[in-house]
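Let me begin by presenting the structure, written as structure tokens, before commenting on it.
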Amino acid sequence: MLNREKDTPPPETVRGGGTPTPEPVTDRDQRLWQVWGDVRRGAGHFYQRSVPLPVNRLAQFVHGLCLPFHLVRTLWEDRRLRRRHLAVSLLQAVVILGLAVLLTDSGTGVVETVGPEEWMVQQQQEEAEARGERERELEEVAEGAGKLAGMAGSDGEKVRVAVEQALKEAHKAEELQRAARETAGKELEHPEKKRSFHPMVYLVALLSSLQLAQWIVIALSRDFHTELSREVSLRSGVAPEDEPITPRVRLNVPWVRSKMRRRWRALVVFACGVPVLWLFTRFLPWRDSILATLMSLWGAWWFVVFTAGKSALAWNEQAPREPWFLRGWNELTRRWAMFGVYSSMWTKHTREVFSPVASVERRPWGLMGLAVVRALAALPLVKCFLRPVIPVAAAHLLAADAPASLLKDSSVPGDA
């Protein structure tokens, strides 16, 4: 256990009394204590108001990772709000489960029809082609035997028919023996293998139904999350970004339209960088693996950006500069005029998100930790409990070291 005043290991004691003789601390132990100290500072920073923000990257990451759970704890300190949060979240979860079961049951017939027999069509066709090839080979062997018999003075046709029949019977017996051995082996090793596909398909169908049901339920009851977000903002010391409302179950058509527009914008800004990644990896070894890795990192970067965009503070940058990827691309291609058109197009389609990108570039590690929690909150049912605190956590991280100009106006709606 670390000392409460300093992140240093406690003194060693000698069993049976006597003068303690501390053992020398190795470099490896010292690094481990330092890492543990960074984790502690990041995890407990929310309640240390007078302490400056963590400087260490690991501490910043852990701070962003733990911040949503600190906010839930702050919300639960009020008994009324704790009951409100649990009632809303549990009721949403129950409705989502019921709706998902109904959606999954309605698709059970479709799942049942997609059995192993349909999945094995291609394999059966390949086996049929192999049998046809084998039969042609047997016919050629029998025909060759008939010709040899004719050259020897015997009836070549009779010999050919007899040889062909014998080969076919031998081949058929061999196939029956092989099939019997395979069937016996499958029954001994995997007695339920034939039914192993159906639970997996059913599980995928259930998860898809949960995601669809979760989106429907939250779209209809998002007012209750907005109310909880405002309450946790007031109790955690950050300016609320939403006006007081009376929550009710309704379909907010403008919100749905804005949600679809933001999803399309995210797809466009992601797609703009894909040709560049393809070009950079065009002649590299292990191109497919490198390209898949770079595209995953590219998508993760934008996930962090739009996590910051959950707060209105991320969209208040007055004169944001170009993002790091545009600066790098323009620097690399400034000598080739043929890339100027693509650079202009890329800049045009990403200009709208310059502000949240600049916010992430100022303090990326804390927002990365928050993005991990947001990814966790995307899981079915978990989102019901964590969704109200994600925008507030983003506001805390952005307001901690944001310029004063960003804090003056927070009326721009966030990407919630």
Test item: Lys383 and Trp215 side chains (from C-beta on) under 4.5 Å apart, heavy atoms: no

Heavy-atom closest pair (Ser229 atom, Val392 atom, distance to 0.1 Å) is O-CG2, 3.5 Å

Spacing of CG belonging to Leu294 relative to OG belonging to Ser289, to within rounding of 0.5 Å: 11.0 Å

Measure the shortest side-chain to side-chain distance between Leu397 and Leu370 over non-hydrogen atoms and say whether it is less than 4.5 angstrom. yes

On a heavy-atom basis, which atom in Trp315 and which in Gly309 lie closest, and how many Å separate them? NE1-O, 2.9 Å

Look up atom CD1 in Ile218 and atom CD1 in Ile96, then write down how far apart they are to the nearest 0.5 Å. 5.5 Å

CZ/Arg57: more than 12 non-hydrogen atoms of other groups inside 6.0 Å: no

For the atom pair CG (Asn330) and OG (Ser343), what is the distance rounded to the nearest 0.5 Å? 4.5 Å

Any side-chain heavy-atom pair from Trp76 and Leu81 closer than 4.5 angstrom? no

Worked check of salt bridge (charged side-chain N to carboxylate O under 4.0 Å, His left out) between Arg84 and Glu227: CA-CA 10 Å; Arg84 181 74 166 174; Glu227 180 195 30; 3.0 Å; yes

Under a plain distance cut-off of 3.5 Å, with no hydrogens placed, do Ser311 and Glu241 share a side-chain donor-acceptor pair? yes

Run the ring-centre check on Trp301 versus Trp324 and record whether the distance is less than 6.0 Å. yes

Exercise: identify the closest heavy-atom pair between Arg235 and Thr74: O-CG2, 3.6 Å

Any His85 side-chain heavy atom under 4.5 Å of Glu231 side chain: no

Starting from the C-alpha separation in whole Å, work towards a yes-or-no answer on side-chain contact (heavy atoms from CB on, under 4.5 Å) for Phe385 and Val72. CA-CA 9 Å; Phe385 296 87; Val72 172; over 6 Å; no

Are any side-chain N or O atoms of Ser355 and backbone N or O atoms of Ala314, one a donor and one an acceptor, separated by less than 3.5 Å? yes

Would you sort out whether Arg222 and Trp255 count as a side-chain contact (heavy atoms from CB on, under 4.5 Å), showing the intermediate values? CA-CA 10 Å; Arg222 65 177 299 269; Trp255 174 82; 3.2 Å; yes

Output for pair (Gln60 CD, Met368 CE), nearest 0.5 Å, gives 10.0 Å

Side chain Ser236, main chain Val232, donor-acceptor under 3.5 Å: yes

Non-hydrogen atoms of Ala393 and Leu71 that approach each other most closely: N-CD1, 3.5 Å

Heavy-atom count check: over 12 atoms from other residues, nucleotides or ligands less than 6.0 Å from Trp365 CH2? no

Is any side-chain heavy atom of Lys310 closer than 4.5 Å to one of Arg387? no

Looking only at the aromatic ring of each residue, does the gap between the centers of Phe325 and Trp302 stay below 6.0 angstrom? yes

Quick one, Leu313 and Ser359 - any side-chain contact, counting heavy atoms below 4.5 Å? no

Given the rule in the side-chain contact (heavy atoms from CB on, under 4.5 Å) test, do Lys259 and Trp264 qualify, once you have shown the distances and angles that lead to the verdict? CA-CA 9 Å; Lys259 194 79 170 177; Trp264 174 252; over 6 Å; no

Shortest non-hydrogen contact from Ala308 toward Leu398: O-CD1, 3.7 Å

Check whether Arg230 reaches the backbone of Pro240 with its side chain - one donor and one acceptor, N or O, closer than 3.5 Å. no

Give the intermediate values and the outcome of side-chain contact (heavy atoms from CB on, under 4.5 Å) for residues Leu376 and Val372. CA-CA 6 Å; Leu376 174 65; Val372 173; 5.9 Å; no

Return the minimal non-hydrogen interatomic distance between Val360 and Val305, and the atom names on each side. CG2-CA, 3.8 Å

Does the cation-pi check pass for Arg374 over Phe303, that is, NZ or CZ under 6.0 Å from the six-membered ring centre and within 45° of its axis? yes

Kindly check if the number of other-residue, nucleotide or ligand heavy atoms within 6.0 Å of CZ (Arg327) is above 12? yes

Could you tell me the separation between the OG1 atom of Thr350 and the CE atom of Met345, rounded to the nearest 0.5 Å? 9.5 Å

Rounded distance [0.5 Å steps], CZ in Arg321 versus CG in Leu326: 11.5 Å

Considering only NZ, NE, NH1 and NH2 on the basic side and carboxylate oxygens on the acidic side, decide whether Glu322 and Lys348 come within less than 4.0 Å. no

Side chains of Gln214 and Ser209 in contact at under 4.5 Å (non-hydrogen atoms): no

Are Pro275 and Trp278 close enough that some pair of their side-chain heavy atoms sits under 4.5 Å apart? no

